[in-house]
Amino acid sequence: MPNYNPFNREDDPLFAEQVNTYAAPGIEALQEWEAAVAGILYAANTSGSITAAQNLLLQVTNPGGSGRTMYISRIAGSISISGATLTVSRGGTFSGSAVTPVNYNFGSGSVSSMTSQRLAGTLGGSPATLIASILSAGQFSSDYNGRIIVPPGSTISVAIGLGAATASANISWWEY
């Protein structure tokens, strides 16, 4: 059968019924959109200067017994120098200043169950590295869309450095 076209010929269609019409179109949205609408999408941010022997640290902890699971949406920030490292770790310890998580839905009164802190220093303890990247000067952003899951009693840490620089870090997540 040379030159035979089996797909939707006018005299012999394969499909006679529409599966996605304008009356009920298929609409797709990321989980972040639903989380923002529900008032459960949050962020913790920090920025500052670091010396050659320091990292800019940002940590978010899901307290044991919180009853919530944290799903990482995005890790973003910036650095003023090339060759600095971005390290995302499970765990790690430091004693820094508290950071109040911000709700992405300005009309929501919901507050995060997570605690967060920041410090210009070094990450202690025994962190397990999830991601390590060399950064060029400027902004960076990595979307995880919930692929990093932080259950109660767990911590995620972001370290940017080593090198005298100005840096910023942001962790966005939703929780339920």
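I149 and I40 fall within a single hydrophobic cluster, where Ile, Leu, Val, Met, Phe, Trp and Tyr are joined by side-chain heavy atoms under 4.5 Å apart, directly or via other members. In the hydrophobic clustering of ILVMFWY residues, with side-chain heavy atoms under 4.5 Å counting as a link, V111 and M114 come out apart. One hydrophobic cluster, built from ILVMFWY side chains closer than 4.5 Å, cannot hold both V60 and L119; they sit in different ones.
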Please list every donor-acceptor pair under 3.5 Å in which a side-chain atom of residues 86-97 meets a protein atom from a residue at least two apart or in another chain.
from: T93; atom 1: OG1; to: G125; atom 2: N; distance (Å): 3.3

N/O donor to acceptor pairs below 3.5 angstrom from side-chain atoms of residues 43-50, sequence neighbours left out:
from: N45; atom 1: OD1; to: N170; atom 2: ND2; distance (Å): 2.3
from: T46; atom 1: OG1; to: R118; atom 2: NE; distance (Å): 2.2
from: T46; atom 1: OG1; to: R118; atom 2: NH2; distance (Å): 3.4

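Between L41 and E34, the closest side-chain pair of non-hydrogen atoms is not below 4.5 Å. Side-chain atoms of W174 and Y104, non-hydrogen and from C-beta on, never get closer than 4.5 Å to each other. Between R68 and P152 the shortest side-chain heavy-atom distance does not fall below 4.5 Å. When side chains are defined from C-beta on, F140 counts as touching I160, because their heavy atoms get closer than 4.5 Å. In this structure, the side chains of I148 and I131 come closer than 4.5 Å at one or more pairs of heavy atoms. Taking the side chain as every heavy atom from C-beta outward, W173 and Y42 approach each other to under 4.5 Å. The side-chain heavy atoms of T155 and V150, taken from C-beta on, include no pair separated by under 4.5 Å.
Scanning both residues, S110 and S108, for their nearest heavy atoms gives N-OG, 3.1 Å.
Atom CG of L56 sits about 11.5 Å away from atom CG of L162, to the nearest 0.5 Å. The OG atom of S112 sits 7.0 Å away from atom CE of M70, with the distance rounded to the nearest 0.5 Å.
Screening residues 133-151 for side-chain hydrogen bond (donor to acceptor under 3.5 Å, both in side chains), with sequence neighbours left out, gives R74-D143.
Between W33 and Q31, the side chains place no donor N or O within less than 3.5 Å of an acceptor N or O (distance only, hydrogens not considered). In the model, T69 has no side-chain atom that pairs as donor or acceptor with a side-chain atom of E175 under 3.5 Å.
With hydrogens and angles disregarded, no donor-acceptor distance shorter than 3.5 Å links the side chain of T61 to the backbone of P63. The closest donor-acceptor contact from the side chain of N55 to the backbone of L57 lies at 3.5 Å or more, if one exists at all.
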Requested in this report: Check the pair I156, I72 against side-chain contact (heavy atoms from CB on, under 4.5 Å), reporting the backbone distance first and the verdict last.
Outcome: CA-CA 9 Å; I156 185 168; I72 303 300; 3.9 Å; yes
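With respect to Q59, the side chain to side chain contact (heavy atoms under 4.5 Å, CB included) criterion is satisfied by exactly one of V158, V99, L123: L123.
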